[in-house]
Each structure stands twice: as structure tokens, then as C-alpha cells.
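Report on the structure given below.
Bear in mind that the values here come from a model prediction, so they are computed numbers and not experimental data. The sequence lines fix the lettering, A, B, ..., with proteins before strands; numbering per chain opens at 1. Atom set for the values below is all heavy atoms of this structure, side chains included, hydrogens, waters and symmetry mates excluded.
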There are 2 protein chains.
Amino acid sequence: MAQAIRLHQASPLKASCHQCSLSNLCLPLAVEENDLDRLEDIVQQGRIFNRGEHIFDQSTPFRSCFAVKSGAIKTSIISENGEEQVTGFFMPGELVGLDSMGSKNYACTARALERTSVCEFPVDKLEELTGKLPDLQHHMYHLMSQEIQGSHQLAMLLSKNTAEERIAALLLSLSSRFQRRRMSGTNFSLPMARNDIANFLGLAVETVSRVFTRFQNQGIISARGREVELLDVEALQTVTREFSRQNT
Amino acid sequence: MAQAIRLHQASPLKASCHQCSLSNLCLPLAVEENDLDRLEDIVQQGRIFNRGEHIFDQSTPFRSCFAVKSGAIKTSIISENGEEQVTGFFMPGELVGLDSMGSKNYACTARALERTSVCEFPVDKLEELTGKLPDLQHHMYHLMSQEIQGSHQLAMLLSKNTAEERIAALLLSLSSRFQRRRMSGTNFSLPMARNDIANFLGLAVETVSRVFTRFQNQGIISARGREVELLDVEALQTVTREFSRQNT
DNA sequence: ATCCGTTATTGATGCATGTCAAAACCGTAC
DNA sequence: GTACGGTTTTGACATGCATCAATAACGGAT
């Protein structure tokens with residue numbers, strides 16, 4: 001409940017990971033208390049982006065990873081012809097830009113879905129630091145491998161599951177990510193448009209819309225615009241596993 | 001042209017990345033000459049697996065990454081109910097296990113598609129070494145981010161492209177990977193069964209088969225079993241971009 | 001060489017989802 | 001408040017691919 005914001009008196013104008021309420025979700029997770037100071041040294045905190053603004057652009061020089069403090073970010077790849085493919089949604093405490101680590105240019109474009117504040121980790125400093133702090137390096141590997149795994153899960157969802165299953169999975173994913181931040185896991189507002197959901201899940205907008213109303217008619221959710229309430233989480237979980245059962 | 005195999009007299013029975021013909025594809029790519037020795041120290045070379053044998057299993061303790069020397073490996077995730085999802089194919093010079101870096105257990109199962117030899121990189125030693133060699137660390141980040149990107153590309157392929165486009169893309173991918181090894185890019189034998197292709201691309205086996213024969217009738221490829229010849233690479237490339245053009 | 005299990009091909013049919021079209025809704029600016 | 005562009009919903013229709021079913025080709029073992 002209580003948000004456990006420790007007031008830490010050092011350098012009030014400067015970045016402070018210590019007093020960030022997300023510190024246990026973000027990079028510092030695996031880092032020792034005294035190492036945290038060194039991470040703070042390289043972080044540029046508090047940049048703010050308005051809805052629709054680009055945090056970075058595909059094919060421009062890769063300089064930094066960004067941790068979301070508040071708001072939400074979507075990443076997408078624009079193919080040669082201008083087709084957009086949404087590759088992910090990032091909520092507070094999550095790190096954007098890992099798919100570009102070790103590359104010269106950003107592999108995707110990131111833009112704010114709503115008013116969003118971020119912390120910036122310049123990659124040169126970050127690599128230097130991970131070379132010195134084995135725990136931090138290990139954590140970076142962990143985050144990156146998580147992203148690979150997540151991507152595989154997504155591919156699996158896209159290739160084997162129905163529209164209902166994909167949407168149920170997304171809703172549950174968002175739910176648990178809200179819960180991690182001590183917010184309601186059953187009552188939240190979607191940061192992204194139906195269009196983005198459709199694109200991300202490889203569906204047509206119309207299909208997304210239809211599934212939403214179907215779920216609503218079944219009493220599983222209640223949705224008005226971006227405002228969503230999960231009325232029957234169990235049912236949603238069943239939907240995601242439905243597919244599995246059938247083939248047994 | 002010439003394969004530039006330098007005979008390096010040190011420790012003939014021990015691992016030697018120096019004299020591996022894949023060294024410019026594998027980990028050492030970005031590593032200084034003198035750093036290569038230190039990498040050699042941690043590598044366990046020459047383990048051999050027969051077709052069907054497991055290199056490692058999902059949910060068992062993560063100990064090592066493996067570089068393919070010869071043969072081919074497929075990785076897959078087994079979901080709770082036993083459904084298999086193929087997540088990747090790995091050819092000589094490619095590194096398997098990156099999706100488990102920083103985790104306690106392997107995130108997927110890897111098995112040999114044919115008789116396969118690998119080099120093993122114990123992860124504890126590897127992390128220790130990347131902490132000391134910034135170039136190697138950078139290279140690891142690069143490889144991992146490549147895998148994220150590849151995974152996104154796959155998701156894109158699965159969510160937006162037709163069966164023909166997916167299969168054309170796979171054939172071209174394999175082609176370029178054979179070419180990297182200075183082998184024919186137009187005449188090769190598929191290391192995997194139709195079943196694996198179907199699973200990987202999110203299609204039914206029958207569909208894969210049908211597309212193969214359709215391509216054959218169009219004179220784009222010539223296939224007998226796993227033996228494949230790409231007769232018209234341009235046409236294949238057109239197929240993969242076909243989708244893009246339509247929506248312009 | 002022959003047999004048998006696995007893998008691959010081919011055909012017929014049904015369904016989920018894309019596409020096209022239009023109406024309803026929403027937020028924003030004037 | 002009203003008017004507008006963009007988003008969301010709903011409906012009718014078309015189609016690509018999965019599914020079921022059967023045959024054919026392959027490959028390893030005897």
C-alpha cells in the first residue's frame with residue numbers, strides 16, 4: 001500500500017535512484033547499495049516527453065537506454081515501405097532500448113503513448129560501469145535475455161493462438177505489470193489505442209474491437225474506451241490456456 | 001577465398017579458437033588477437049551430439065552457451081501442456097543459449113538436428129571474462145541485441161505475412177547463412193524437417209508442403225526432400241517484399 | 001531387397017479473421 | 001455550445017489457411 005518513498009537527503013537536484021519508488025523494478029534491482037551511487041552518477045534523470053513525441057528514432061545513432069518513470073512508451077519497427085510493426089509496450093520500471101545494445105544505431109523507434117518521464121542511461125557509460133560491477137553486468141544480461149524470451153513468447157502467441165487468446169494474454173500481462181507497481185490489477189486504463197493493440201498482436205483493428213465486445217458480453221471484462229475493468233480474471237486465464245487444452 | 005587457417009602450435013590437444021575456421025563468425029569476432037587466448041582458456045571444445053540428442057533442456061540449471069561448429073541445432077519451448085514451439089535454428093558460427101543469459105535455468109531446449117559438434121562456454125567463466133574484456137562484453141551485448149531484433153523480425157513475419165512470404169524469407173535466411181560459410185547459397189540441404197519449418201513459421205505442415213510445390217511449379221526453386229536449389233533468388237526476394245508493395 | 005514407421009504430398013471442406021463500408025463515439029479547438 | 005478529425009464499433013462478405021483424410025515417398029532395420 002504505502003509507497004515507501006525513502007527521503008534521501010543527498011543532492012536534491014541531482015539524479016537519485018535511491019529515492020525512486022521504482023528502484024526495485026528498475027536496473028538497480030541486483031545492485032548493492034553502495035554500487036547504486038555509481039549508477040546514479042551516470043543517469044540523467046527527469047526528461048519528459050509529451051504524447052506522441054519520439055524518445056529516439058530507428059537508424060539514428062544509438063546513445064542511450066531509457067527507463068520509464070511514469071507514463072508509457074511503445075516501440076516499433078518501420079520497414080522500408082513505411083509499414084509499422086509495434087514491437088513492445090513499456091511501462092514504468094521497464095527499460096527501453098535493449099534491442100539496440102552493442103549496435104551503432106537504434107533498431108526501433110520509441111515514442112510516448114502519453115505524457116512520460118524517463119531516466120536516460122548513456123550506453124558508453126553504462127558499458128563501462130557494467131565492466132566494473134559484475135552484479136550490474138549480470139543484471140543487464142538478465143534483462144536482455146528476458147527480452148529475448150518475451151519476444152519468443154510473443155512469436156508463439158502470434159503463430160499459434162486465436163485473437164481471443166492473444167487479447168486475453170495482453171490484458172493479463174498489463175494487469176500484472178500494473179500490480180507490480182502496487183496499482184489495481186483489475187481496474188486500469190489502457191495507455192495504447194486499439195490500433196496499437198491490433199498491430200502488436202497481428203490482428204485487424206476490427207477484430208480487436210469485436211473481441212473486446214465479446215468479452216464484455218460474456219461478463220469477463222467491462223470496457224469503455226481505454227478504461228478497462230477485469231471482472232473475471234480466472235476466465236481470462238482460462239482463455240489463454242484454452243488452446244493448450246484442446247490439443248491434449 | 002583461401003580459408004586462412006593459421007596453424008597455431010600451442011596445446012594441440014586443447015581448444016584453439018585461433019585455428020577454427022569459424023573464428024570470424026563466432027564470439028572472437030570483436031576480440032583482439034591477444035584476448036583470444038583468454039577466451040580459449042575457458043572454452044571446452046569438440047563435444048559431439050548425434051541427431052536428436054539434447055544439448056540442454058529447458059528448466060535445467062543454466063551452465064553454458066554453445067557455439068555450433070558443424071551440424072545444426074534447433075531450440076524450442078515446451079509449454080506446460082507439452083506443445084512444442086520452435087524458437088530458432090542455429091547454424092555453424094552461431095551461438096545458442098543467449099536467451100538464458102543471466103537466468104538460473106535454461107529458457108528453452110536445444111537439440112541437434114543432425115550430427116553436430118559444438119564449443120561450450122561455461123557462463124560463470126564467460127561473465128567473468130566479459131567483465132575484464134570490454135570488447136568481448138560489447139560483442140555479447142551485440143549478439144544478444146541481435147537475437148532480440150531477430151525475434152522481433154520473426155514476430156513481424158508471423159503476424160503480417162502470408163505462408164509464401166514466410167517460407168521465402170526462411171529460404172533466403174538459410175541461403176545467406178550458408179553463404180557466410182562460403183558454401184553455396186543456392187544449393188543446400190535443409191537441416192530440419194518440414195514439421196520444424198511449419199512449427200517455426202506458425203503454419204501447418206500441409207501448407208509448407210503446398211508452398212514448396214507451388215514455388216517449384218513456378219520455377220522459383222527445385223526441391224526433393226530436404227535437398228533444395230534456389231533457381232530464382234530474385235523471385236524469392238520479390239515474394240518477401242510483395243506484401244509491402246500491396247499496401248503502398 | 002523387403003518391410004514398417006515416419007515424413008511428405010495432395011485433395012476437399014470449414015472456419016477464423018481480414019477487408020470493405022458505414023455509423024457511432026470521442027476529444028479537441030474554435 | 002458546435003463542428004471537426006480521429007478513433008471505435010458494428011455489419012456483410014471474401015479468403016487464406018487449418019483441419020481431416022488418404023495416398024505416396026522415404027529411410028532405417030532386418
Using atom [atom1] of [X] as one end and atom [atom2] of [N] as the other, report the distance to the nearest whole Å.
X: B:L158; N: D:dA18; atom1: CG; atom2: P; result: 11 Å
X: A:N199; N: D:dT7; atom1: CG; atom2: P; result: 13 Å
X: A:E83; N: C:dG18; atom1: CD; atom2: C1'; result: 14 Å
X: B:E164; N: D:dC17; atom1: CD; atom2: P; result: 8 Å
X: A:K160; N: C:dA16; atom1: NZ; atom2: P; result: 19 Å
X: B:N161; N: D:dC17; atom1: CG; atom2: P; result: 10 Å
X: A:E227; N: D:dT7; atom1: CD; atom2: C1'; result: 16 Å
X: A:I167; N: C:dA16; atom1: CD1; atom2: P; result: 15 Å

State plainly whether the residues B:E120 and B:R47 are in salt-bridge range, i.e. N to O under 4.0 Å. yes
Rounded to the nearest 0.5 Å, how far does OG of B:S209 lie from CZ of B:R214? 10.5 Å
Relative to each other, are the rings of A:F66 and A:F49 parallel, tilted or perpendicular (30° and 60° limits)?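 Judged by the thresholds at 30° and 60°, the geometry between A:F66 and A:F49 is perpendicular.
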Mind checking whether A:Y106 and A:F56 have parallel, tilted or perpendicular rings, split at 30° and 60°? parallel
Tell me which one of A:V68, A:T109, A:T75, A:I73 satisfies side-chain contact (heavy atoms from CB on, under 4.5 Å) with A:I55. A:I73
So if I apply the side-chain contact (heavy atoms from CB on, under 4.5 Å) rule between A:F62 and each of A:D99, A:N105, A:V123, which one comes out positive?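 Checked A:D99, A:N105, A:V123 against A:F62; only one passes side-chain contact (heavy atoms from CB on, under 4.5 Å): A:V123.
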Between side-chain atoms of residues 221-235 of chain B and protein atoms elsewhere (two or more places apart, or another chain), which donor-acceptor pairs fall under 3.5 Å?
from	atom 1	to	atom 2	distance (Å)
B:R226	NH1	B:P191	O	3.1
B:D232	OD1	B:E234	N	3.4
B:D232	OD1	B:A235	N	3.1

Strictly under 3.5 Å: I want the nitrogen or oxygen pairs between protein and nucleotides 5-8 of chain C, one per line.
from	atom 1	to	atom 2	distance (Å)
C:dA8	OP1	B:R194	N	3.1
C:dA8	OP2	B:R194	N	3.4

Which of these nucleotides, C:dT10, D:dG11, D:dC17, is closest to any side-chain atom of A:R210?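 Output: D:dG11.
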Using a distance-only criterion (donor-acceptor N/O pair, under 3.5 Å, no hydrogens), is the base of D:dT9 paired with the side chain of A:R224? no
Nearest heavy-atom neighbours spanning B:A67 and B:F121: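 Nearest pair, atom of B:A67 first, then B:F121: CB-CE1, 3.7 Å.
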When you compare the side chains of B:S173 and B:R177, does any donor N or O come within less than 3.5 Å of an acceptor on the partner? yes
Given that A:E206 and B:F212 both sit by DNA chain C, which one's nearest nucleotide is further toward the 5' end?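 The residue closer to the strand's 5' end, by nearest nucleotide, is B:F212.
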N/O contacts under 3.5 Å, protein versus nucleotides 28-30 of chain C?
none

Just to confirm, is there a sub-4.0 Å distance from OP1 or OP2 of C:dA16 to any side-chain nitrogen or oxygen of A:T207?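 No, outside the criterion.
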